[in-house]
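Each remark here refers to the structure printed beneath this line.
To find a chain, count down the sequence lines: A is the first, B the second, and so on, and within it residues start at 1.
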Protein chains: 2
Amino acid sequence: MSQKGVGVDLETSLGYLLKEASSALRSAMEEVLRPLGMSVTHYSCLELLAQRPGLSSSELARGAFVTRQTMNVLLQALERDGYVTRPAEAPVGKVLPTRLTPSGRRSLEKASAAVRSVEARMLADLTEDEQSDAFPILQSMIHSLRGDNERA
Amino acid sequence: MSQKGVGVDLETSLGYLLKEASSALRSAMEEVLRPLGMSVTHYSCLELLAQRPGLSSSELARGAFVTRQTMNVLLQALERDGYVTRPAEAPVGKVLPTRLTPSGRRSLEKASAAVRSVEARMLADLTEDEQSDAFPILQSMIHSLRGDNERA
DNA sequence: GAACCTATGTCAGAATGCTGACATGAGTCA
DNA sequence: TGACTCATGTCAGCATTCTGACATAGGTTC
């Protein structure tokens with residue numbers, strides 16, 4: 001077993017495992033959000049707005065890990081369906097601050113409960129210590145991958 | 001801070017952090033693979049074939065976390081470009097076992113080195129203990145999310 | 001004030017991946 | 001043998017997201 005020095009051993013690769021976990025999480029979220037007529041990006045956008053009202057399209061895009069073009073398309077649909085509102089004109093600069101409507105907030109509540117149940121299931125078999133360990137580990141990975149350490 | 005009971009707190013959510021880490025990993029991989037003219041799915045397919053020669057299209061799809069239709073399109077391109085070979089007729093059933101060509105193997109070697117460097121960077125700031133902890137934690141998450149525990 | 005850089009919103013086109021559907025081969029079971 | 005179930009490969013159409021490009025607003029520097 002265990003590769004003859006060449007290649008990435010998928011059986012022991014933390015990168016592959018990370019991708020696998022993320023894929024499983026996404027699938028589980030899609031499964032519970034589908035009955036609510038909501039996609040993961042859709043949900044992410046509403047959740048971001050609930051916690052940080054007035055975010056711009058570009059900021060939402062970064063928070064949901066998509067491009068600002070993609071987020072803009074989504075926002076247009078959400079606005080059309082009455083889940084969010086944006087001023088017709090930018091109060092300052094070009095930034096259009098977005099906010100949830102009561103309808104959007106109601107819609108989010110169900111979705112949020114569903115997502116919380118998925119996250120709880122994900123952590124069900126982990127000990128308290130493991131859950132505590134996971135946080136700094138993932139943060140370190142993110143920090144290192146983004147190259148925040150580069151020549152300042 | 002810390003949400004008033006409602007919603008998922010993105011600041012402390014392991015699910016969000018997992019998505020963030022996965023996104024950062026994907027970006028980092030795309031960055032190093034782009035100069036080699038290779039996408040992440042493209043690379044994943046070749047790496048899988050190097051470790052498990054003779055996999056079918058459907059098996060490769062599951063290993064690369066895409067649908068079998070998507071993998072089939074990719075395989076057609078890889079076959080056209082001489083990186084993999086598939087028998088014209090299925091030796092048994094409908095399964096077409098796929099194998100790397102020498103050209104595919106050479107192409108993979110460079111990509112694999114690049115990906116290994118990304119993975120090394122990802123783990124650079126983690127202690128030995130943390131790296132050891134990460135493995136069972138991620139595996140537990142995957143196992144729980146897939147519902148492998150359900151009523152047997 | 002002018003030049004410069006950065007970030008934002010937006011439009012257009014293209015790539016990528018997915019869902020739905022179908023026929024076929026293999027295994028199971030009565 | 002025949003009916004049933006399941007997995008595979010494949011075709012077609014659609015959805016989602018991305019890349020490229022542009023104009024504009026704000027801040028910075030000289």
Would you say that B:Thr41 contacts B:Phe65 through its side chain, given a criterion of any heavy-atom pair below 4.5 Å between the two side chains? no
Taking any heavy-atom pair under 4.0 Å as a contact, classify A:Thr70: base, sugar-phosphate, or nothing. base
Quickly work out the A:Gln76 CD to C:dG9 P distance and round it to whole Å. 12 Å
Charged N to carboxylate O below 4.0 Å: is that the case for A:Glu20 and B:Arg146? yes
Taking 4.0 angstrom as the limit, do A:Glu30 and A:Arg26 come out as a salt bridge? yes
Short side-chain to backbone donor-acceptor contact, B:Ser107 and B:Ser103, under 3.5 Å: no
Under 3.5 Å: donor-acceptor pair, side chain of A:Ser140, backbone of A:Ile137: no
Would one find more than 12 heavy atoms of other residues, nucleotides or ligands at under 6.0 Å from atom CD of A:Gln131? yes
Does a side-chain N or O of A:Arg62 approach OP1 or OP2 of C:dT8 to a distance below 4.0 Å, or not? yes
In whole Å, what is the span from the CE atom of A:Met71 to the P atom of C:dA7? 18 Å
Write down the distance between NZ (A:Lys94) and P (C:dC11), rounded to a whole number of angstrom. 11 Å
Could you tell me whether a side-chain N or O of A:Thr101 sits under 3.5 Å from a main-chain N or O of A:Gly82, the two making a donor and an acceptor? yes
Of all nucleotides in DNA chain D that come within under 4.0 Å of a heavy atom of chain A, which is furthest toward the 5' end and which toward the 3' end? D:dT17 to D:dG26
5'-most contact on DNA chain D: A:Phe65 or A:Gly93, nearest heavy atom basis? A:Phe65
Rounded to the nearest Å, what distance is computed from the CG atom of residue A:Leu75 to the P atom of nucleotide C:dC11? 13 Å
Interface residues of residues 16-42 of chain B with DNA chain D (non-hydrogen, below 4.0 angstrom): none
Could you check whether A:Arg52 pairs with B:Glu11 (Lys NZ or Arg NE/NH1/NH2 to Asp/Glu carboxylate O, under 4.0 Å)? yes
Which residue lies toward the 5' end of DNA chain C, B:Val73 or A:Ser58, if each is placed at its nearest nucleotide? A:Ser58
From the list B:Leu78, B:Leu49, B:Leu55, side chain to side chain contact (heavy atoms under 4.5 Å, CB included) partner of B:Thr98 resolves to B:Leu49
Output the rounded distance in Å from CG (B:Leu74) to C1' (C:dC18). 15 Å
Rounded to whole Å, the CD-P distance (A:Gln69 to C:dA14) equals 16 Å
